[in-house]
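Working notes for the structure below.
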2 protein chains.
Amino acid sequence: MIKCAKCRQIDFVQKSGIVRGKQRYFCKACDYHFTLPEVVENRKNKPRHQVTIIDIANELGISKSTVSRALRGHTDIHEGTRKMILDLAQQLEYQPNPLANALLKSRTNIVGILVPEFRHYFFPTVIMGAQEILSKAGYNVMICQSDESYETEVANVKALMNSRVDGLLVSVTTQTNNVDHFRTVLRKEVPLVFFNRVCPELDTPQVIVDDYAGAFQAVEHLIQQGYRRIAHLAGPVSLLVSRLRMKGYLDALQKHGLPVDNELIIHYDLTEEKARIYANYLLSLAQPPDAIFAINDPTAIEIMLVAKSRGVKIPQELGIVGFSNDPISAIIEPPLTTVEQPVWEMGRQAARILLEQMENPHIETYQLPTRLVVRGSSVNC
Amino acid sequence: MIKCAKCRQIDFVQKSGIVRGKQRYFCKACDYHFTLPEVVENRKNKPRHQVTIIDIANELGISKSTVSRALRGHTDIHEGTRKMILDLAQQLEYQPNPLANALLKSRTNIVGILVPEFRHYFFPTVIMGAQEILSKAGYNVMICQSDESYETEVANVKALMNSRVDGLLVSVTTQTNNVDHFRTVLRKEVPLVFFNRVCPELDTPQVIVDDYAGAFQAVEHLIQQGYRRIAHLAGPVSLLVSRLRMKGYLDALQKHGLPVDNELIIHYDLTEEKARIYANYLLSLAQPPDAIFAINDPTAIEIMLVAKSRGVKIPQELGIVGFSNDPISAIIEPPLTTVEQPVWEMGRQAARILLEQMENPHIETYQLPTRLVVRGSSVNC
DNA sequence: ACCAGTTTCGGGAAAGTTCCCGATAGTTTT
DNA sequence: AAAACTATCGGGAACTTTCCCGAAACTGGT
């Protein structure tokens, strides 16, 4: 009753177990195991078939190699054939599959950008600058935020590496003390450029601003305005920006012969709650400061809000200077004196260096200038 | 002098032209063309070879199928073999190549997010909400901004589709009147969910807030505060949100028997410059408004700045209400009355619906509630 | 007609996975 | 002991593209 799939005979076929729910048969004559082929039903589970070069080749009765050559602008092809292929490709709306190309070349044309957050002005703007350059160069961008968590940062780096990004633009978290995950990136020779929050212990290109000069100017400005007891609400020591701005603060004090009071120097983790807590703490001191230099504008603004809620008059009783010149600084009352940094340009430069890195690996540190923008929050008239 | 590459004989070999700069030969005896193989030099242009399942298979002397089964947690495998494979995979730090998988399955595990901008509070926050859900589900995110330009939006959609994203989360530009590019997306059966700025002419899932109710409440609040000549600086008519908030504005006026003055209704393109221009225009009218309902918070804030610069007192001479409750609204002086919308949640819901869409396509419109937050900019006491 | 040289095209490997299905060996049932 | 069944593994296609290299079909020149 059952024909052998090989010799087409019936007599020697016998049952031989079940495989994956299907009856199996064995033909003694030709020593051959087989199962009955299922009737293939409506094969509609192939939803969207993108047009491939093979489709074009079949349509024109030529080989896929020729189609590929035409599309890639090779020379080894007849002008008429090329035109024919190009026309059909356009007509069929052919889109080359980047996945196949990526698999073959091990290049995805995607760069990863990893930032601590993008709720405030700074990081979104850097990203926009980077995107401007990268998309011009034909790269897509995959953005991750570490949320100021070391574990998330490690996980994100892993995820981006697993996605086989061609390069990485990174600003580390406040908690990043161990940088082994970035060493892994370097070991796999994936270009890596840090910006703003950099890793000086790694030999990688970096884009930063002149944090020291900016901080120095800011604090000197406060001194020139007559403030004498100047506090500094600083970032965590782990970040180089914190240390550089701190040094600018200290040197400015020293230059003008002002004492350094450790009570007035606070390192914190850049969260809003802590900013409020330390602002309150500073203003509650027996000898409160008459001015505060904040590590960045969001911090400065938290201080302003706390000062306002305590009835402390700005700038008369408290001068405040921030860093970064977020747009909100010009809007708040009184407007915030701050150190302007070319944020958009930082993104552009980071992207540029990353692209260069892909061509020709080299270490480059790019430093952008800062400029003090004096507004109402520090003019003690 | 030249041996045939096939029969190893010398006598019948003759020159036969040149191919790509290399001398070609022909053996009459075996009717065979050939060129001399080049001496292969140091093949060091294979930079980083990732560990593959084939490496594991070769190492253990088994087939790649078996390795794949072990790694994918299949049942058809011996427990000992699986353990052996898993151990070696861990030791070699094996990472499956997502490109190969994507090529095979036509799934990239990437979703694209397309927004008009992310300089303000709203869109970055939505994106964060969406990312929270999507990354939990194992998806990476590719973010593009159309920069309020229709052409850029079309180009971005094309780029994301070309990158073979598995789904799309979109908020359209102010200039988007033609939606053919989204029809292309739907035609290729790529899940597409709109949020905030939606396309009602397309049959797609959408996530919106109750714009009508929010606007109605806002305007009614102004009326209850005693304002009688209420202007509306609205968004472009092309956006549904504009139309809905407009309707809320109109209905609130009507309910309280206030006349509609077309002079006080301005549609604009949501750029900062135009906001300033129209704010100035409104305040320069012979009969200026005594309150303005703004389409969103950035607009409201521009109006506040213009009013301040003209010496118009808020809220005494001009009441202002915004929409969205950006953090800056609580900070500005006076604090801005605004309609709060669950922005983060909007991102979460959009992502959730997109994920559902991938499983089981269906049309769903999700509407989130709004809530009026009354602050100083509208309390005419 | 014969050969050298050029132009144009096709075949097939490679990239790394998953999955279908056949194959084998071993185990249990009749 | 044959028949029926299970557990485990290997082979190879498929996904799409690029690229190497050989093959065929030309062109001229002798």
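Note on naming: letters A, B, ... go to the chains in the order of the sequence lines (proteins, then strands), and numbering restarts at 1 for each one. FYI, side chains are in, hydrogens and waters are out, and symmetry mates aren't considered; it's all heavy atoms of this structure.
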Would you mind classifying the nucleic acid contact of Ile62(A) as base, sugar-phosphate or nothing, using non-hydrogen atoms under 4.0 angstrom? sugar-phosphate

Side-chain heavy-atom pair Met161(A), Val157(A) within 4.5 angstrom cut-off: yes

Flag side-chain contact, heavy atom, 4.5 Å: Ile56(A) against Glu59(A): no

When the distance from CG of Asn162(A) to C1' of dT17(C) is rounded to whole Å, what number comes out? 13 Å

Contact list (N/O, under 3.5 angstrom) for nucleotides 16-19 of chain D vs protein:
| unit_1 | atom_1 | unit_2 | atom_2 | d |
| --- | --- | --- | --- | --- |
| dT17(D) | OP1 | Tyr94(A) | OH | 2.6 |
| dT17(D) | OP1 | Asn97(A) | N | 3.1 |
| dT17(D) | OP2 | Ile53(A) | N | 2.8 |
| dT18(D) | OP2 | Ser68(A) | OG | 3.1 |
| dC19(D) | N4 | Ser65(A) | OG | 3.4 |

I need the single residue from Val170(B), Val172(B), Leu192(B) that forms a side-chain contact (heavy atoms from CB on, under 4.5 Å) with Cys199(B). Which is it? Val172(B)

Give a yes or no on whether a salt bridge exists between Lys83(A) and Glu79(A), defined as a side-chain N under 4.0 angstrom from a carboxylate O. no

Can you spot which of Ile77(A), Asp76(A), Ile53(A) makes a side-chain contact (heavy atoms from CB on, under 4.5 Å) with Thr66(A)? Ile77(A)

Measure from CG on Asn58(A) to C1' on dC9(C) and round the result to the nearest Å. 16 Å

Which whole-number value in Å describes the distance from Asp76(A) CG to dG11(C) C1'? 15 Å

Regarding Thr152(B) and Asp147(B), do their side chains bring together a donor and an acceptor under 3.5 Å, going by distance alone? no

To the nearest 0.5 Å, what is the distance between CG on Asn140(B) and CG on Leu160(A)? 6.5 Å

Does Asp203(B) CG have over 12 foreign heavy atoms under 6.0 Å away? no

Starting from C1' on dG16(C), measure out to CD1 on Ile56(B) and report it in whole angstrom. 12 Å

Examine dG10(D): is either OP1 or OP2 under 4.0 Å from a nitrogen or oxygen in the side chain of Ser63(B)? Give yes or no. yes

Roughly, in whole Å, what's the span from CG in Asp55(B) to C1' in dA14(C)? 14 Å

Separation of dT6(C) atom C1' from His78(A) atom NE2, nearest Å, is 14 Å

Leu60(B) CG to dG10(D) P: how many Å, rounded? 10 Å

Can you find a heavy atom in the side chain of Val193(A) that is under 4.5 Å from one in the side chain of Thr204(A)? no

note: Ile85(B), atom CD1; dT8(D), atom P; distance rounded to Å ~ 12 Å

Using a cut-off of strictly less than 4.0 Å, decide whether Thr81(B) has a side-chain nitrogen or oxygen near OP1 or OP2 of dC9(D). yes

Give me the bend of the helix from dA1(C)-dT30(D) to dT30(C)-dA1(D), using the axes of the five pairs at each end, rounded to 10°. 70°

